[in-house]
Amino acid sequence: MLECGDLRKGLKIEYEGDPYVVTQFEFVKPGKGQALYKCRLKNMVNGSQFDRTFRSGEKFNKADLEERTMEFSYMDGENYCFMNTSTYEQEFLTPDQVADVVGFLKENTVCSVLFWGTRAIGVTLPNFIDLVVTKSDPWVKGDTASGNSKPAVLETGITVQVPSFVEEGEKIRIDTRTGEYVERVKD
């Protein structure tokens, strides 16, 4: 059981039967009366958000969440199939559940899938992933008008900014937290 004093940004709680993450947090102590905890909560199942003020002394449960290591296998129509690497059980996630990571998701990528009870509700990719550049305009020597970077389309279809020396067919490392180019990868 958690109390209001435990609230902080990033805390995952159960509220009205659903798992929520605290995305914003502010402690307010008025001149008279109880302390207030103003929070912005995001539903981890459907993504809806709302503001909620808790009074000092209110209690709530920590969300019953579990991360499992799973491998992205394939796309089945609209859904994404992930396989548990130890039990070989498959779990299908909707496009909404993988929306934040779909641009970096390729077959055989090992990820962490977040479960609430028996239900998969989200995916976390490794911090860095290696992808092949499938389309990139050639760099023209002396072209300084476009700066030191250019857009490149990766094998998953996402477009990222890369240094001007990166060419089609090269494998590059991307930081999945920021979506930024890190380095070229040698095979």
Side-chain angles (χ1 to χ4, degrees), residues 1-28 34-131 154-158 160 173-180:
M1 190 66 73
L2 298 171
E3 294 188 16
C4 287
D6 298 322
L7 285 172
R8 66 188 178 286
K9 187 175 179 177
L11 180 68
K12 296 171 176 86
I13 64 170
E14 187 172 315
Y15 179 71
E16 295 182 349
D18 281 336
Y20 287 86
V21 63
V22 177
T23 58
Q24 292 177 2
F25 173 78
E26 181 184 356
F27 174 74
V28 179
Q34 294 182 312
L36 301 173
Y37 300 85
K38 294 183 177 184
C39 300
R40 180 147 192 88
L41 301 176
K42 179 179 179 184
N43 188 308
M44 298 177 70
V45 175
N46 63 26
S48 65
Q49 295 188 40
F50 66 92
D51 293 322
R52 168 76 161 91
T53 301
F54 294 99
R55 297 192 180 282
S56 181
E58 284 189 60
K59 297 181 187 214
F60 38 82
N61 292 324
K62 191 170 184 178
D64 181 23
L65 301 171
E66 176 189 359
E67 280 193 351
R68 297 181 196 161
T69 301
M70 300 186 89
E71 182 178 305
F72 172 60
S73 298
Y74 59 92
M75 200 172 158
D76 177 27
E78 286 189 13
N79 295 319
Y80 296 80
C81 178
F82 289 83
M83 181 183 68
N84 187 317
T85 54
S86 56
T87 65
Y88 302 107
E89 291 178 8
Q90 293 182 339
E91 196 69 40
F92 291 89
L93 279 79
T94 65
D96 289 341
Q97 293 171 315
V98 297
D100 296 341
V101 300
V102 74
F104 303 109
L105 198 56
K106 69 176 188 173
E107 290 183 4
N108 303 324
T109 301
V110 176
C111 331
S112 292
V113 177
L114 186 64
F115 282 82
W116 176 53
T118 59
R119 183 177 178 188
I121 61 172
V123 177
T124 304
L125 290 175
N127 291 341
F128 301 98
I129 192 163
D130 299 342
L131 297 169
L154 306 181
E155 64 184 286
T156 59
I158 193 167
V160 298
R173 182 159 292 143
I174 300 293
D175 185 329
T176 59
R177 298 164 294 188
T178 62
E180 295 176 356

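The first residue in the sequence is number 1, and the count goes up from there. Hydrogens, waters and symmetry mates are skipped; everything else that's a heavy atom, side chains included, is used.
Note that the CD atom of Glu91 and the CZ atom of Arg119 stand 10.5 Å from one another [nearest 0.5 Å]. Asp18 contributes atom CG, which lies 9.5 Å from atom CD1 of Ile121 (distance to the nearest 0.5 angstrom). We find the CZ-CZ distance between Arg68 and Phe82 to be 13.5 Å, quoted to the nearest 0.5 Å. A distance of 12.5 Å separates CG in Leu93 from CG in Asp76, rounded to the nearest 0.5 Å. Here the CZ atom belonging to Phe60 is positioned 6.5 Å from the CG atom belonging to Leu11, to the nearest 0.5 angstrom.
For the pair Lys62/Asp6, no side-chain contact is recorded, criterion being any heavy-atom separation below 4.5 Å from C-beta on. Between Thr109 and Leu125, the closest side-chain pair of non-hydrogen atoms falls below 4.5 Å. Residues Pro95 and Asn79 have side chains in contact (heavy-atom distance under 4.5 Å, counting atoms from C-beta outward). The side-chain heavy atoms of Tyr88 and Met83, taken from C-beta on, include a pair separated by under 4.5 Å. In this structure the side chain of Thr176 never reaches within 4.5 angstrom of the side chain of Val101, judged on heavy atoms. Met70 has its side chain within reach of Phe115: a pair of non-hydrogen atoms, C-beta onward, lies under 4.5 Å apart. Side-chain contact between Val110 and Pro126 is absent, with no heavy-atom pair separated by less than 4.5 Å. At least one side-chain heavy atom of Leu36 sits less than 4.5 Å from a side-chain heavy atom of Arg55.
Note: Phe92 and Tyr80 fail the aromatic proximity criterion, with ring centroids not under 6.0 Å apart. The ring of Phe104 has its center no closer than 6.0 angstrom to the ring center of Phe72.
At a cut-off of 3.5 Å, with distance as the only test, no side-chain donor of Asp96 or Thr94 sits close to an acceptor on the other residue. Checked by atom type, the side-chain pair Tyr15/Arg52 shows a donor-acceptor distance below 3.5 Å.
Here Arg40 pairs with Asp51 under the salt bridge (Lys or Arg N to Asp or Glu O under 4.0 Å) rule; sequence neighbours left out.
Between the Thr156 side chain and the Leu105 main chain, no donor and acceptor come within less than 3.5 Å of each other. With hydrogens and angles ignored, the 3.5 Å screen pairs a side-chain donor or acceptor of Lys106 with a backbone N or O of Asp130. Using modelled atom types, no side-chain atom of Ser112 and backbone atom of Thr69 make a donor-acceptor pair closer than 3.5 Å.
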Start with the C-alpha gap between Thr124 and Leu114, add the side-chain angles, then the distance that decides, and say whether side-chain contact (heavy atoms from CB on, under 4.5 Å) holds. CA-CA 8 Å; Thr124 304; Leu114 186 64; 5.9 Å; no
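Counting heavy-atom neighbours within 6.0 Å of Glu66 CD, excluding the residue itself, gives a total above 12.
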